[in-house]
Amino acid sequence: MTQSSGSIAVVGAGPSGFYAVDALSRARPDARIDIIDRLPTPFGLARYGVAPDHQGTKGVTRQFDRLLAKPGVRFIGGVALGRDISLPELRNLYDAVMIATGCGRDRRLGIPGEHLDGVMGSMRFVDWFNAHPDAVDLTETIAQARHVAVIGNGNVAIDVARVFAKTAEEMAKSDIDPRAQAAIVAMRLETVSLYGRRGPAEASFTINELNEMGRLARAVALVDAADVANVAAPDSDPTPERLRKQKNIEALRGFSSNVPHAKPVGLAFRFHRAPLTLSGENGRVVGINFAGGSYTPADLVITCIGYDTILPDDLPADKGRVANDEGRVAGLPGVYVVGWARRGPSGTIPTNRADSFAVAERLVTDLAPSSRPGPAGLDALLASRGVATIDTAGWQRIDKAESDAGAREGRPRVKLTSWAALRAAANPA
Ligand code: NAP
């Protein structure tokens, strides 16, 4: 490996960061590439966002793991941009910097009552059941809930509703946090309702996810027949989008003939319900008032209405994303952005592959290798600051500990749930 082959820092070890590493390491096999993350573990949304019962989707991490075995590619966990190192410092150390930090917080409804106990954004709930080390324990919050309201008509809303609705048996092959699973099973759940502010044709569900809602053991999917009568995808839509909507409408129409109370939990899709205010009693949510005057009781409200980017250190903003021209960050030569930090929170994991590949190609075209210190400079700077990092071998030790714990229970893995446990597994004394 020569000094002249170039050094690249990728910030954010989620799917878009790893797809960038994939493209960069193919185009410049001799480049030194560090993929840096705030967390002790790689894979971002694939580890902590994708639902624990969708192990097929998580399978992409095996491909990312193989990238970490490539010469010149390093994982450096436990390093936060803006806390442990600044963007100007990274630019001094590396020939190019790729930002792949995704979206870090829930969008808010911005309506009265959102502060009530029992109301939360999906990220809070998903972090908990996915055993994120920063997650807040929600056992007490969900314990008394019987009527769960899920706001939003996207695939995150489906994930959230499904995790509530599935039985322990249906989750047995998942890597859900066992404590979250126990708390969900202990609920006296009666209804899980998904509220869309528009109609069935406007829902952004995809058909496999929607169909799965019709096959759950203890929950029956329900739709008001009036909501799906005379509804069709507009002819003006491009064909794939029209077909997606048409399939959704047909699936929902099928649910409209299901019998309420046929199973213990009602899983209701409700449309044309835009939340106006949330009502509370003694500080706890009790219901939702919708535009038009309708009201529904709800003792747990999870908003699944999208995410915002937390703009890392010194990066220019544009409508909640990093300002960029096809991935080149505005006003910062040598700095690039990919994934949700670039485009906003839309698209599935494979969508990010094409995006990251295209931006990586631009980076490689621009790359002017120099005598910047690259990885050795990063190591020296972090050591001087006493930052305790987790490297690829450390991640592999975490992975083994979790996989071994999973094997004992017939699960893919049982995640370590705290920073201390993750650090201890990565760097045993
Ligand atoms: P999404 O598909 O954009 O859905 C967001 C939903 O929130 C929309 O129904 C939107 O309604 C609604 N919404 C936004 N603001 C609202 C408000 N103020 N009041 C009421 N409703 C509001 O986003 P997502 O579900 O967060 O998913 C993000 C991306 O990840 C998507 O591309 C999704 O497909 C992907 N994903 C994929 C999977 C999978 O493949 N299994 C799983 C999870 C996520 P409007 O349409 O009216 O704006």
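Only a predicted model underlies this, so the values are computations on that prediction, with no experimental measurement involved. Below, all heavy atoms of this structure are taken into account, side chains as well, without hydrogens, waters or symmetry copies. As the structure lists them, so they are numbered: ligands from 1, and atoms in each ligand from 1.
The backbone of Pro345, and not its side chain, has at least one atom closer than 4.0 Å to an atom of ligand 1 (non-hydrogen atoms only; backbone = N, CA, C, O). Only backbone heavy atoms of Cys304 (N, CA, C or O) come within less than 4.0 Å of ligand 1; its side chain stays farther off. By the criterion of a heavy-atom distance under 4.0 Å, the side chain of Trp340, and not its backbone, is placed next to ligand 1. For Asp159, every heavy-atom contact with ligand 1 shorter than 4.0 Å involves the side chain, none the backbone. For Ile158, no heavy-atom contact with ligand 1 is shorter than 4.0 Å.
Ligand 1 places these atoms under 4.0 Å from at least one heavy atom of Ser204: 1 (P), 2 (O), 4 (O). The ligand atoms of ligand 1 that sit less than 4.0 angstrom from a heavy atom of Gly154 are 2 (O), 4 (O), 9 (O), 25 (O). Close approach of ligand 1 to Leu109 is summarised as follows: ligand atoms under 4.0 Å from at least one heavy atom of the residue are 17 (C), 18 (N), 19 (N). Interface atoms of ligand 1 facing Ser346, defined by a heavy-atom separation under 4.0 Å, are 32 (O). Heavy-atom proximity to Arg198, at under 4.0 Å, picks out these atoms of ligand 1: 45 (P), 46 (O), 47 (O). Under a 4.0 Å criterion applied to the non-hydrogen atoms of Glu209, ligand 1 contributes the atoms 39 (C), 40 (O), 41 (N).
Counting heavy atoms only, Val156 comes closest to atom 27 (O) of ligand 1 of the residues Val156, Val160, Asn208, Asn153. For atom 45 (P) of ligand 1, the choice among Arg197, Glu212, Glu202 with the nearest heavy atom turns out to be Arg197.
Under the 4.0 angstrom criterion for non-hydrogen atoms, Gly347 is in contact with ligand 1.
For atom 29 (C) of ligand 1, the nearest protein heavy atom is under 4.0 Å away. There is no protein heavy atom less than 4.0 angstrom from atom 23 (O) of ligand 1.
Remark: Ile207 CD1 to Leu243 CG distance equals 11.0 Å, nearest 0.5 Å. Distance check: Thr365 OG1 to Arg328 CZ gives 7.0 Å after rounding to the nearest 0.5 Å.
Each of Asp355, Asp325, Asp318 was evaluated against Arg342; a single residue qualifies, Asp355, per the salt bridge (charged side-chain N to carboxylate O under 4.0 Å, His left out) test.
Between Trp395 and Phe43, the two ring planes are perpendicular [angle over 60°; tilted spans 30° to 60°]. Between Phe125 and Phe129, the angle of the ring planes goes over 60°, which puts this pair in the perpendicular group of the 30/60° scheme. Note on ring orientation: taking the six-membered ring where Trp is involved, the planes of Tyr48 and His132 are tilted (angle from 30° to 60°).
Between the side chain of Ser7 and the backbone N or O of Asp95 there is at least one donor-acceptor pair closer than 3.5 Å.
For Ser256, the side-chain hydrogen bond (donor to acceptor under 3.5 Å, both in side chains) test picks out no residue, with sequence neighbours left out.
Cation-pi geometry between Arg91 and Tyr94 is not met at under 6.0 angstrom from the ring centre and within 45 degrees of the axis.
Taking the six-membered ring for Trp and the full ring otherwise, the centers of Tyr195 and Phe290 sit less than 6.0 Å from each other.
The stretch residues 153-166 participates, sequence neighbours left out, in these salt bridge (charged side-chain N to carboxylate O under 4.0 Å, His left out) pairs: Asp53-Arg162, Asp53-Lys166, Asp159-Arg162, Arg162-Glu212, Lys166-Glu212.
For ligand 1, one of its N or O atoms has an N or O atom of Asn155 under 3.5 Å away.
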